[in-house]
Protein chains: 2
Amino acid sequence: MTLSEENYLKTIFHLARDFDKEVPTNAIAEKMETKASSVTDMLKKLAEKKLVHYKKYQGVKLTDQGRFYAASIVRKHRLWEVFLVENLNFTWDEVHDVAEQLEHVKSEKLVDELDEFLGKPTVDPHGDPIPDKSGNVQRMEKILLSACKPGESGTCVGVKSNASRFLQYLDKLEIGLGNEIEILSKEPFDQSMVISNNGKKLSISALTANNIYIQKK
Amino acid sequence: MTLSEENYLKTIFHLARDFDKEVPTNAIAEKMETKASSVTDMLKKLAEKKLVHYKKYQGVKLTDQGRFYAASIVRKHRLWEVFLVENLNFTWDEVHDVAEQLEHVKSEKLVDELDEFLGKPTVDPHGDPIPDKSGNVQRMEKILLSACKPGESGTCVGVKSNASRFLQYLDKLEIGLGNEIEILSKEPFDQSMVISNNGKKLSISALTANNIYIQKK
DNA sequence: ATATATTTTTAGACATACCTAAAATTATTA
DNA sequence: TAATAATTTTAGGTATGTCTAAAAATATAT
């Protein structure tokens, strides 16, 4: 499996959550910052390898085999992120690019031992679940902060975007995993919110609220 | 810098020890299990990037820049080997292939932090020196066991080959880094030796003796 | 329902890194 | 030193993964 093939699989795996059915060619092209024609070429190749179900003009779905493989890449990515934060003093906004490289290293023993070394973690530094060895991803019930009404509250359990800028902004606001968050008010004009973050009152934009996941009590 | 370019640089770096002067095209081709014509192609590219000095038919030498870059790859390779053995229960015969992949991961912070995490080791699990951040390789005075005469003795400080088969054989003989080794006798017919390994008498072939480094007392 | 817009695929190129076969150069030896 | 052998380079070709531009299919809107 080439690096490029792995990246396509992974992208389809992630997009499959947004599109419940087939993932459109263009969605893949956009996410990978490439052209639709390149995607088409690759989809044909992945289809020949039985990693995706592909019918012209109908988008793609991962096969069981493809999903398993994709999950194993995501598993590696997230395990490495844990390692970087827990052992190498990386912050949650620094891990992505490095994990993006480390996820392609091939060695079953490496993954097994790393998992063991880290104490078999279940989530990465952004709160995303780490697929298990069989490719199963534990589904958490979490909702976007933007979907909450004033008065509702919960624990911050994840972020939708992993962009450095965003994560650094959260650090500045002192918003992090595990924090207690309550929606105090919501502005009808622009959907911005005033929230209580571990007891501290602060105001966030709709865009920010739309990238924070909480688990309701 | 592509993966391929990095592998060529590294190979030239290693071969430069054997050939004191320019490294011949064919030597590179053999080591990399590729064809001389492919090597020529790459040497031209590396020369354009000022990473090697290359004159047609005259072999190559690394430039300062090329040597620095190559050393940084070797540094990463060896640091990862230490990590695999010290923290992930790898044995010295298992680390090479995985380190071969990990060495290409690009992140200065990753290397710095890994070095720190491991306690700034100076040698890898095979006794090979780890280049420092500036690309300097600490030169050890070590000699091949095959070059020793009966009566001479020293400490095992390295191996010339990193082949799994060979390392596993050493494990079976219980020969490892730090062991006290003395040459008891040498057979003139085939240069095989009887040695004392940490007090235990055993017999080894000339080929084996030619792949073990010791440091004389 | 037909025209228009959007999405997707095809066709044909390009760069990388490899290959084989033949030519050029350098080294060896008689 | 001339002939032969070995090494190295060149020339031309292949597979991968990308691209642009044009054609085909699907979706949308009047």
Side-chain angles (χ1 to χ4, degrees), chain A residues 1-13 15-16 18-62 66 69-70 73 100-101 103-106, chain B residues 1-16 18-62 66 69-70 73 100-101 103-104 106:
Chain A
M1 185 87 76
T2 68
L3 197 139
S4 201
E5 287 170 345
E6 291 194 346
N7 282 330
Y8 274 95
L9 277 190
K10 192 185 49 159
T11 301
I12 298 166
F13 181 83
L15 288 173
D18 306 343
F19 302 84
D20 238 28
K21 323 209 149 180
E22 281 74 18
V23 178
T25 303
N26 255 2
I28 301 170
E30 254 180 56
K31 188 104 171 207
M32 300 190 68
E33 299 186 297
T34 181
K35 300 296 152 125
S37 56
S38 308
V39 177
T40 301
D41 286 350
M42 183 56 86
L43 295 184
K44 286 183 194 164
K45 209 209 293 190
L46 293 176
E48 268 199 11
K49 296 194 175 186
K50 309 275 186 209
L51 294 165
V52 298
H53 295 295
Y54 170 61
K55 268 183 295 183
K56 268 194 191 183
Y57 296 101
Q58 307 305 306
V60 271
K61 273 183 76 166
L62 293 172
Y69 202 103
I73 300 168
E100 203 78 352
Q101 300 177 65
E103 72 190 4
H104 299 290
V105 174
K106 286 164 189 67
Chain B
M1 184 89 77
T2 69
L3 196 139
S4 201
E5 288 169 344
E6 291 195 346
N7 282 330
Y8 274 95
L9 276 191
K10 191 184 51 161
T11 301
I12 298 166
F13 181 82
H14 287 312
L15 289 173
D18 308 343
F19 304 83
D20 237 28
K21 323 208 147 179
E22 281 74 18
V23 178
T25 303
N26 255 2
I28 300 170
E30 255 181 55
K31 188 105 172 209
M32 299 191 68
E33 299 184 298
T34 182
K35 301 297 152 122
S37 56
S38 306
V39 176
T40 301
D41 285 351
M42 184 56 86
L43 295 185
K44 286 183 193 163
K45 207 205 297 187
L46 293 176
E48 268 199 12
K49 295 193 175 188
K50 309 276 187 209
L51 294 164
V52 298
H53 295 294
Y54 170 61
K55 266 183 295 184
K56 267 195 192 181
Y57 295 102
Q58 307 304 306
V60 270
K61 274 183 77 167
L62 292 173
Y69 202 103
I73 300 168
E100 203 77 352
Q101 299 176 66
E103 73 190 3
H104 299 290
K106 287 164 191 68

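Convention: sequence-line order gives letters A, B, ...; per-chain numbering from 1.
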(message) Tell me every residue that passes salt bridge (charged side-chain N to carboxylate O under 4.0 Å, His left out) with B:Glu5, counting only those two or more places apart in sequence or in another chain.
(response) B:Lys45, B:Lys49
(request) Check the distance between D:dT18's P and A:Leu3's CG and give it to me in whole angstrom. (result) 10 Å
(request) Using only side-chain N and O atoms of B:Asn26, determine if any of them is under 4.0 Å from OP1 or OP2 of D:dA6. (result) no
(request) Let me know the distance between CD of B:Glu48 and C1' of C:dA15, rounded to the nearest Å. (result) 14 Å
(request) Nearest whole angstrom, please: distance from the P of C:dT8 to the CD of A:Glu22. (result) 12 Å
(message) Does any part of the side chain of B:Ile12, heavy atoms only, come nearer than 4.5 Å to the side chain of B:Leu43, both counted from C-beta?
(response) yes
(message) Suppose we screen for salt bridge (charged side-chain N to carboxylate O under 4.0 Å, His left out). Which residues come up paired with A:Lys61, at least two apart in sequence or across chains?
(response) none
(request) Could I get the full list of side-chain hydrogen bond (donor to acceptor under 3.5 Å, both in side chains) partners for A:Lys31, not counting sequence neighbours? (result) none
(message) Among residues at least two apart in sequence or on other chains, which ones pass side chain to side chain contact (heavy atoms under 4.5 Å, CB included) with B:Glu100?
(response) B:Lys10, B:His77, B:His96, B:Glu103
(request) Would you kindly give the CD-to-P distance between B:Glu33 and C:dC19, to the nearest whole Å? (result) 11 Å
(request) Could you tell me the separation between the CE atom of B:Met1 and the P atom of C:dT16, rounded to a whole number of Å? (result) 14 Å
(message) Please enumerate all residues that pass salt bridge (charged side-chain N to carboxylate O under 4.0 Å, His left out) together with B:Glu6, with sequence neighbours excluded.
(response) B:Lys106
(message) Return a single string for nucleotides 9-14 of chain C, one symbol per nucleotide in 5' to 3' order, where B is base contact, S is sugar-phosphate-only contact and - is none, cutoff 4.0 angstrom on heavy atoms.
(response) BB----
(message) Without decimals, in angstroms, what is the distance between B:Leu46 CG and C:dT16 P?
(response) 13 Å
(request) Return the value, rounded to whole Å, for the distance between atom NZ of A:Lys49 and atom C1' of D:dT16. (result) 11 Å
